[in-house]
Amino acid sequence: MEDKSNYSADNIQVLEGLEAVRKRPAMYIGDIGVRGLHHLVYEVVDNSIDEALAGYCKNITVTINPGESITVEDDGRGIPTGIMTKENKSALEVVMTVLHAGGKFDKDTYKVSGGLHGVGVSCVNALSTLLRATVHREGKIFQQEYSCGKPLYDVKVVGETQKNGTTIYFEPDASIFTEVVYKYETIAARLRELAFLNKGIIIHLHDDRPDDEGNTKKETFHSEGGLREFVMYLDGTRDKILPEPIYVEGEKNGVPVEVAMIYNNGYTENLHSYVNNINTIEGGTHVAGFRRALTRTLKNYADKEGLLKNVKIEISGDDFREGLTGVISVKVQEPQFEGQTKTKLGNSDVTGAVDQCVGEMLTNYLEENPKEARLIVQKVILAATARAAAKKAREMVQRKGALTGSGLPGKLADCQETDPAQCEIYLVEGDSAGGTAKQGRNRVFQAILPLRGKILNVEKAMEHKIYENEEIKNMFTGLGVTIGTPEDAKALNLTKLRYHKIIIMTDADVDGSHIRTLILTLFFRYMKELLEFGYVYIAQPPLYLVKKGKDEEYCWTEAQRSDAVLRIAKGANPDTVGIQRYKGLGEMNAEQLWSTTMNPDTRTLKQVNLESAVEADRIFSMLMGDEVPPRREFIEANAKYAKIDA
Ligand code: 0RA
């Protein structure tokens, strides 16, 4: 490989001290909860990915160690260790202790990753009680350790080596993070995504923390097909109408563009977009360019081939994307991130670059594959026909006053408070539990909407059916949300959202979890914004009441139950203690429901978040879609978490 040791020490700028990071960690890594904790890993991995993108690194190994420390090892060139003239310090020390130093190295290399916050490895250092950097380079092994970002000694040589590479070991500071336990699946999902987005790189994940049986875990993520394999993975078990994905890789105006897409026979659009390996949940200019090219190219082709001659309905942009699963990945030198969650690309020149790339590629594809081209056009026409029906149904939902005088569903017991930030709505399984909740609630800020039975499975239904469904209509009107914003005809309009806590309360049994999944599927496919902004919660009703005389305790787990029995028995025979298993919300009276599940001072709520849109998409389509075998596999693999009442 070419030697590029021409970086200059003077390129590094000292911007801020690491004390600032420790004082305001959330400003640098987003938050100090479970997300921030995992962000530390991604920040370190990003540096190795950059080294791989520059062409110098092939393997990256991430290890979750017992005790919740992390090791990230790569076989790149190794962070330079020479003394920098201006600072009179090793480059390694500067990279590790100066904020933003890493990215200021050699401008020749295409450095685009660096995480959503792009803060660099020095932030990880600042937030670790111990960090050890080990560099294999020029025949020697160099090492330096730090505590809370401060070097414990100067860079020293600790051995000889034939290899090249960097190893970062760190222990997150438990006094800063509110959550200190790493989740294997969270890290695995991100590394899998990175492997698809950066084809050829081999990423190993080791979980060396022994589980209950003493076993550890290992997985390798590696994709030679890149985005082509990514869309197939995303599209999962859906029935495809094309034999393989349509793919383009190119560069326009200095913007590398990679796109892969496939059509399935479903009704939803699954478009995932990335800028510099960051998932742009809110889309942006690159997505706009893609949509523009897709609509124009397909329309031109259909017109030219005379496929629209007998079509009376007007075809809209959305119709071209029904049943489309696609991934767009662009690399932008200085990305401008906008939007509520700072995940919307703003750089206007990117639209044209993506538009041109996709336009050229798709034109060629349609010319070369007339059979597939026809299938796509037929699908688009079908979508347009169905959309006309859906529009009517949607307008019915949104027509004010159609239901009661206030426009609110008759079954909704609303609250008195009008500030959405103070208001909660409980979506309750069944009219009878709904009745109990209405009695038990605090009517000042808690509203109740009972839902009858199983709501429609939106994964399998066409759009117009969804807006015709009574329970779903009630949810839209009760929540106050509508579909369509000035920018995006399908986006959810949250300006009239009436509650900032939307709490799903179902029975603690199999039917209850099915209903909860149906509601979450509806939210995920049609009200995703509610999940993105963290408005959705799951109530946690207790599983047991342990009781003897006046002593009683509610329990949520088996362990709590056995502890409570012993406590309440007070040394006497535990068999004298009564245990009531709550199978449904209906078995609790209003007072019990309030104190265990609804009172903000004593309840526990689980907030639903969209940690990985990719994984959520796959799991929903698998759980709620047509094919049974993958669903059975998932349920069997996860069955140990479901306790069926004996
Ligand atoms: C600055 C310059 C060079 C490499 C790196 C940083 C580098 C950083 C990290 C962080 C994790 N793994 C890494 N691998 C490399 C280029 C040095 C040269 O010219 O040899």
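Numbering of ligands and ligand atoms starts at 1, following listing order. Note that the structure is predicted; figures quoted are calculated from it, not measured.
- Only side-chain heavy atoms of Arg137 come within less than 4.0 Å of ligand 1; its backbone N, CA, C and O stay farther off.
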Output a table of donor-acceptor pairs, distance under 3.5 Å, between side-chain atoms of residues 531-538 and any protein atom two or more places apart or on a different chain; print 'none' if there are none.
from: Tyr537; atom 1: OH; to: Gln607; atom 2: NE2; distance (Å): 3.3

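- For ligand 1 and Glu51, the ligand atoms under 4.0 Å from any heavy atom of the residue are 4 (C), 7 (C), 14 (N), 15 (C).
- For the pair Asn47 and ligand 1, the shortest N or O to N or O distance does not fall below 3.5 Å.
- A donor and an acceptor atom, one from each side chain of Gln143 and Thr134, are located under 3.5 Å apart.
- Judged as a ring pair (Phe, Tyr, Trp, His ring centres under 6.0 Å), and not counting sequence neighbours, the contacts of Phe196 are Phe230, Tyr233.
- One side chain, Thr71 or Asn65, offers a donor N or O that lies under 3.5 Å from an acceptor on the other.
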